[in-house]
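Order of the sequence lines fixes the chain letters, A, B, ..., with proteins taken first and strands second; residue numbering starts at 1 for each chain.
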Amino acid sequence: MSVLDKKAIVAHPGYSRWLIPPAALAVHLSIGQVYAFSVFKNSLVASFDTSLTAIGWVFSIAIVMLGLSAAFLGTWVERSGPRKAMLAAALCWGTGFVVGSAGIATGQLWLLYLGYGVIGGIGLGIGYISPVSTLIKWFPDRPGLATGMAIMGFGGGALIASPLSNRLMSVYDPGFVATEPGAVASGSALAQTFLTLGIIYTAFMLVGAALVRVPPGHGDDSTAEHSPGTNGALVRASSAIRTPQFWLLWVVLFCNVTAGIGILEQASPMIQDFFRDNGTSAVTAAAAGGFVGVLSLANMIGRFVWSTTSDHVGRKPIYVMYLGVGLVLYLLLALYGSVSPFVFVALAAVIISYYGGGFATVPAYLKDLFGTLEVGAIHGRLLTAWAAAGVAGPLIVNGILDRVGEPGALVAADYQPALFTMVGVLAVGFIANLMIKPVSDTHFDHDAHAANEERVATRQEATR
Amino acid sequence: MSTSQSSPTSPVLIALAWLLVGVPLAYGLWQTLVRASALFTG
């Protein structure tokens, strides 16, 4: 038996479940770097002497690979256990940086696509889902709290990576001053920064892999005691994707993410455009950067606070809030956002906290609907909604804004068509959420269900 | 199973594990707060 096997990482009695969230955070804080990729954009454009669009593809490939690998490798992650998955994620994520570094050093953009985009993207997908199912099994009483802590780390990872990357680039290229507008680091500094980040993240993720354990009795899925969904459901991933509940939740996540990305993608220019009068904005570029920081904080805090709240108020009601209240806030932003910067920032911050909350609460929603039997694999398949929204959100917003005016000359009213479109998107998600009912028992794995009932009865008998 | 394997996890180990992830997260949060403050001063 390898030390990586699920059977080898069964916790001994007395092993604290409070070691599992830091193990998960070590992975999510590392892979959350992907949302800070924009700090390299200007330097990469200069280094490869190419367009912003060509560099933008690196991020897009990584996010698409995240969705695809989470969907196709979800069952492997579930069966292999969290340690093997975290190791695979660490190796892919680290290798992605190293290959990307080689691409930068040799001026080969395709190597950056292959490294950071494809290999790193696979690491993102495996890493994102690797601790989720384990956390739910350790915290069956508080799944929202548990997954909220880990997925908060994904938001927090960008907060760390952005200043860390700027610091590394200025160490390797003393002429690089991150705060200067249009500053670019040399290709050599970029390559060394990528290499350093690859080493740091691999080491950090390996600590998570070393710490993680599965709860006692979960070394073998076929003999483990699973927590059923709210109506006793234990559903396999292959059956889950044939239920209307899965696809309704897919629509819910897609709509919530699409609407959030609508603001996140445009945050900095948007606040300046909302307060532009006679061609001049009352909001400076520095203040607009501060607005992006506020949104990052709201995104991270929302992941933890709202997901934890869902343990008390229920999953469906909290999505009614994300989508229903979110819809009203979007409407207020479109109609009254330009009244004052305070109103604008407050509305946008709450909307983005709902965006983060939607990500963090979805594994617990899946657990309620399908049980813990293969919840990690089902979660992986659901993340294709994220990849699709990552394409749809910016397409909708940029497509509409391109038609109404030139960047740098837009005003608040120009945003109304895009914002009203997002209100419609949220309304679709709101209705989809209301339509979600408990899963029919025709989709249950009856053999697993019967065996589970027997194990529960035996345990209860033994503890009586 | 030996006694040591069944003993409760040391609180020191739990604290170290949380410090390992808490310190970088606190650094990121602080840096972001500094950046966000520009919204009110910039």
Side-chain angles (χ1 to χ4, degrees), chain A residues 11-30 32 36 149-150 152-153 155-164 166-167 179 200 204 207-208 210-211 213 271 283-301 341-342 345 349, chain B:
Chain A
H12 61 71
Y15 193 85
S16 173
R17 67 177 182 171
W18 290 102
L19 280 174
I20 309 305
L25 275 166
V27 173
H28 270 242
L29 285 172
S30 302
M149 276 189 281
M152 171 189 78
L159 306 191
I160 299 167
S162 182
L164 175 65
N166 278 329
R167 179 66 62 92
T179 48
I200 292 174
F204 205 61
V207 175
L211 274 179
R213 299 285 187 281
I271 190 169
V283 177
T284 63
F291 174 58
V292 176
V294 169
L295 292 189
S296 303
L297 289 171
N299 183 5
M300 198 192 101
I301 294 166
F342 176 78
V345 172
Chain B
M1 191 179 285
S2 70
T3 313
S4 64
Q5 277 187 317
S6 302
S7 59
T9 306
S10 158
V12 177
L13 179 63
I14 298 172
L16 279 176
W18 278 99
L19 264 179
L20 184 80
V21 292
V23 168
L25 189 56
Y27 162 77
L29 275 172
W30 174 250
Q31 292 288 326
T32 310
L33 279 172
V34 170
R35 187 179 174 205
S37 67
L39 183 60
F40 309 102
T41 58

K.L.:
Name the region of A:Leu19, side chain, backbone, both or neither, that has any atom closer than 4.5 Å to a heavy atom of chain B.
P.N.:
side chain
K.L.:
I'd like to check the ring pair (Phe, Tyr, Trp, His ring centres under 6.0 Å) partners of A:Trp18; sequence neighbours left out, ordered by chain and number.
P.N.:
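Only A:Phe139 meet the ring pair (Phe, Tyr, Trp, His ring centres under 6.0 Å) criterion with A:Trp18.
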K.L.:
Under 4.5 Å heavy-atom distance to chain B, tell me which part of A:Val207 shows up: side chain, backbone, both or neither.
P.N.:
side chain
K.L.:
Nearest 0.5 angstrom please: A:His28 NE2 to A:Ser30 OG, how far?
P.N.:
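Going from the NE2 atom of A:His28 to the OG atom of A:Ser30 covers 10.0 Å.
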K.L.:
How would you list, by chain and number, every residue that makes a salt bridge (charged side-chain N to carboxylate O under 4.0 Å, His left out) with A:Arg167, sequence neighbours excluded?
P.N.:
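By the salt bridge (charged side-chain N to carboxylate O under 4.0 Å, His left out) rule, A:Arg167 matches no residue at all.
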K.L.:
Of the backbone (N, CA, C, O) and the side chain (C-beta and beyond), which part of A:Ile271 lies under 4.5 Å from a heavy atom of chain B, both, or neither?
P.N.:
side chain
K.L.:
Using non-hydrogen atoms and a 4.5 Å limit, figure out which bit of A:Phe342 sits close to chain B: side chain, backbone, both or neither.
P.N.:
neither
K.L.:
Hey, does the side chain of A:Ser162 reach the backbone of A:Ala158 with a donor-acceptor pair shorter than 3.5 angstrom?
P.N.:
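It does not hold such a pair.
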